[in-house]
Number of protein chains: 2
Amino acid sequence: MSQSSPAPVKPRAFETIVRHVEARVLTGELKIGDRLPGERELVTQFGVGRSSVREAMRVLESNGMIASRPGDPRGAVVLSPTAAPLRRLITRLTHSSASSLVDLLIYRMTLESSANSLAATRRSEADLLRLDEALERMRVARLQGQAAFSQADLDFHDVVAQASGHALLQLSAEAVRQSIEQLISARIEESGDDDELMQRTIEHHQEVLTAIRDRDAHLAEHLARSSLFEYYGHLVPVQQREALAALASFGSPPAG
Amino acid sequence: MSQSSPAPVKPRAFETIVRHVEARVLTGELKIGDRLPGERELVTQFGVGRSSVREAMRVLESNGMIASRPGDPRGAVVLSPTAAPLRRLITRLTHSSASSLVDLLIYRMTLESSANSLAATRRSEADLLRLDEALERMRVARLQGQAAFSQADLDFHDVVAQASGHALLQLSAEAVRQSIEQLISARIEESGDDDELMQRTIEHHQEVLTAIRDRDAHLAEHLARSSLFEYYGHLVPVQQREALAALASFGSPPAG
DNA sequence: GGACAGCTACTGGTCAGACCAGTAGAACTT
DNA sequence: AAGTTCTACTGGTCTGACCAGTAGCTGTCC
């Protein structure tokens, strides 16, 4: 449960401006790319001091809603939603935790398996084309080594997430992929190129693409789980692997 | 892909303080409940103006890392991680979107099913006791009406999430539950008490508890999906329901 | 007419200082 | 020991100054 402080009697000066701007963005009155009034105009508009306006700007920037540049006379620009706030929360929760890698992998498996299922249900022909192209880029990247291949692999997953048509899933999955990448990029580079694993990954992703094309949501979801486990499972200490394995094997077709 | 601005040549005055404080929290040097130095001491420590210090404080507050109170001579307090940043992102992404309810339900099903699976793998005896107590509170709340029952139901899910031992899953699930609650609380209250549905929900949760007690991860995961679909599925327009249904039916035991 | 350089009137970034409402904790009283 | 008062701080807000940076206008050259 989130901790609660006593309800404020009246809002602080900067909060009034934050709420106003957030409301205008949420209602679509301010769109991505639009500019806010300059700081001195907001001073006049809200009848507050310029430092209160600047405090509000810092909050909106921190939340990924706007960006400003020194000297730009056009005012701060409204941004599209980003994974940055979630990245920050993930960092806060997993930093230096002994089980952080397995929990990040669990989180990623959770999100990507649903993204795959949704992509199978909601995908368009244009999505399929983008998936084809992304897979082709993986084949090219395979010849360039592990680092390029990892990047192309992340791109493929992102295209799948876009095909899911679920922005929140997409941004969440992006955030956790970036966190995992940062945590283990050194380890992956140390392990050197593993061409066989890259080849199997491409085959897996081809299967995912086929399942999405065939609108087979269950197969797409299952493949996300087994693929992630095969690619990353060896990085998890054996005693921590049970939970990840349980998730990976959920919905497996019966053996035989 | 998050948009990128040109790399800054040097950090802004407030950013130096934000980074310093974040690093000290991440390394454990500053713990939850600890106090930061007061603003005027940070001015001296960092050699910057007090308005720059205050801008840094606004950023740290906005990210849920600290809280301050007017007049408190002890300085800002370090908070435990909260769902607030994710709540804000969810609001940004789903506000006034026509498909926001189904996407929120999908997100919640995604997270809670994994939380159930993890809880089955990682739960302790203390967790089981807390789950027993949470279910008992649901039985009591049933007699008090739908609003009390909904709250007790949310509490039960949160106890399950705690038993998962996965803070990120727990906070994410909490954020999406709160968002759904806010979106449909009026609708639920309008529909009046449905004692039969409340009774079935309790039965479902008893099955979840049994599956967690039996360490049956797959059953626990499956029950989260089917239960959410049964409880909320009717609120989703038929044409949007396919994706949710596909997720709900993943991993279903064969009929018969 | 287009490219380029220079200029200007702004912008955001940072700071110092002032003042006020609010708080913790010490001192005092009962 | 409990309650009240007082004080020296705190955070909240504001004003004004100054500076580096930018967009866009103007003038020149080809």
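Proteins get letters first, then strands, A, B, ... in listed order; numbering begins at 1 in each.
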### Task
Can you figure out which of D:dG12, D:dT13, C:dG13 approaches the side chain of A:Ser52 most closely?
D:dT13
### Query
Hey, does A:Gly71 reach any base, or is it just sugar-phosphate, or nothing, if we go heavy atoms under 4.0 Å?
base
#### Entry: Modelled atom types, side-chain donor and acceptor of B:Asn116 and B:Glu112, under 3.5 Å
no
### Query
Given atom CD of B:Glu39 and atom P of C:dG22, what is their separation to the nearest angstrom?
16 Å
## Note on the structure
Result for 5'-nearest mapping on DNA chain D, choosing between A:Gly47 and A:Pro70, is A:Gly47
### Task
Kindly compute the distance separating NE2 (B:His157) from CZ (B:Arg177), expressed to the nearest 0.5 Å.
7.0 Å
### Task
May I ask you to say what A:Ser51 touches in the nucleic acid, namely base, sugar-phosphate or nothing, with a heavy-atom cut-off under 4.0 Å?
base
#### Entry: A:Ala13 side chain, from C-beta outward: closest of C:dG25, D:dT22, D:dC14
D:dC14
### Message
For A:Asp153 and A:Ser150, which I'm curious about, is there any donor-acceptor pair between the side chains at under 3.5 Å?
### Response
no
### Task
Would you kindly give the CZ-to-C1' distance between B:Phe14 and C:dT14, to the nearest whole Å?
12 Å
### Task
Tell me which of B:Arg40 and B:Val48 sits closer to the 5' end of DNA chain C, going by the nucleotide each one is nearest to.
B:Val48
### Query
Going by atom types alone, do A:Ser62 and B:Asn63 pair a side-chain donor with an acceptor below 3.5 Å?
yes
### Query
What dot-bracket string describes DNA chain D from 5' to 3', counting Watson-Crick and G-U wobble pairs whose defining distances are under 3.5 Å, with [ ] for crossing pairs and | for pairs to another strand?
||||||||||||||||||||||||||||||
### Task
Specify the separation, in whole Å, of atom CZ of A:Arg12 and atom P of C:dA21.
17 Å
### Query
If we ignore angles and hydrogens, is there a donor and acceptor under 3.5 Å between the side chains of B:Ser172 and B:Tyr107?
no
### Message
Looking only at the side chain of A:Arg74 (C-beta and beyond, no hydrogens), which of the listed nucleotides D:dA23, C:dA24, D:dG12 gets closest?
### Response
D:dA23
#### Entry: Pairwise distance CD(B:Glu15) to CD1(B:Ile17) - rounded to 0.5 angstrom
10.5 Å
### Query
Between C:dA24, D:dT22, D:dT10, which nucleotide gets closest to the side-chain atoms of A:Arg69?
D:dT22
### Summary
Contact check, residues 54-62 of chain B vs DNA chain D, heavy-atom distance under 4.0 Å, returns B:Arg54, B:Arg58
### Query
Is there a donor N/O on one and an acceptor N/O on the other, under 3.5 Å, for the side chain of B:Arg50 and the base of C:dT14?
no
### Message
Between C1' on C:dG12 and CG on A:Leu42, what's the gap in Å once rounded to a whole number?
### Response
12 Å
### Task
For B:Glu61 and A:Arg12, run salt bridge (charged side-chain N to carboxylate O under 4.0 Å, His left out): C-alpha distance rounded to whole Å, both residues' side-chain angles, the deciding distance at 0.1 Å, then the answer.
CA-CA 13 Å; B:Glu61 275 176 7; A:Arg12 298 159 74 181; 3.4 Å; yes
### Message
Of the options D:dT22, C:dT14, C:dA24, whose atoms approach the side-chain atoms of B:Asp72 most closely?
### Response
C:dA24
### Query
Side-chain donor-acceptor pair under 3.5 Å between A:Arg87 and A:Gln182, yes or no?
yes
#### Entry: Donor + acceptor pair across side chains of B:Thr94, B:Ser100 (<3.5 Å)
no
